[in-house]
S.K.: 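Starting off with a structure, shown below.
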Amino acid sequence: MVHLLLACAAEDLLATRVVGQINLGVVVLLAQGLLLLWTATRYDRAAHEQAAYESAEEQ
């Protein structure tokens with residue numbers, strides 16, 4: 001959502017070149033993707049640990 005709002009409201013900011021043909025919009029989009037993967041991994045790991053804890057309690 002933040003990336004979409006920035007793309008609509010701050011086009012010039014996201015068009016700022018960082019290195020060569022890579023602009024700030026690409027960097028922000030990659031950071032957003034990494035944050036999504038990291039969050040999903042943490043939740044998956046927490047759910048797996050919770051299931052293992054519950055199964056150990058039942059035995």
Side-chain angles (χ1 to χ4, degrees):
M1 186 70 163
V2 172
H3 189 82
L4 179 64
L5 290 174
L6 279 174
C8 293
E11 299 171 14
D12 295 334
L13 175 66
L14 292 181
T16 305
R17 292 197 187 269
V18 177
V19 176
Q21 295 293 325
I22 299 173
N23 59 21
L24 191 58
V26 172
V27 173
V28 170
L29 187 61
L30 289 174
Q32 181 181 354
L34 288 174
L35 180 64
L36 176 70
L37 288 173
W38 178 74
T39 305
T41 302
R42 281 191 50 135
Y43 278 108
D44 185 50
R45 186 176 299 149
H48 180 64
E49 288 174 359
Q50 181 68 24
Y53 176 75
E54 289 173 358
S55 110
E57 279 187 340
E58 290 175 1
Q59 294 177 357

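Here, residue 1 is the first one in the sequence, and each next residue gets the next number. Here the structure is a predicted model, which is why all the values come from computation and not from measurement.
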S.K.: In Å, rounded to the nearest 0.5 Å, how long is the span from CG of L30 to CG of L35?
M.R.: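 One finds 12.5 Å between CG of L30 and CG of L35.
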
S.K.: Quick one: does L13's side chain get under 4.5 Å of L24's, heavy atoms only?
M.R.: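 With C-beta onward as the side chain, the pair touches.
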
S.K.: Quick check: closest heavy atoms across I22 and V27, and the distance to 0.1 Å?
M.R.: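 Nearest heavy atoms, I22 then V27: CG2-CG2, 4.0 Å.
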
S.K.: Do V18 and V28 sit in one hydrophobic cluster, given that two such residues count as connected whenever their side-chain heavy atoms are within less than 4.5 Å of each other, even indirectly?
M.R.: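 Yes, one cluster joins them.
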
S.K.: Quick one: do L29 and L37 end up in the same hydrophobic cluster if we chain Ile, Leu, Val, Met, Phe, Trp and Tyr together by side-chain heavy atoms under 4.5 Å apart?
M.R.: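 Hydrophobic grouping puts L29 apart from L37.
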
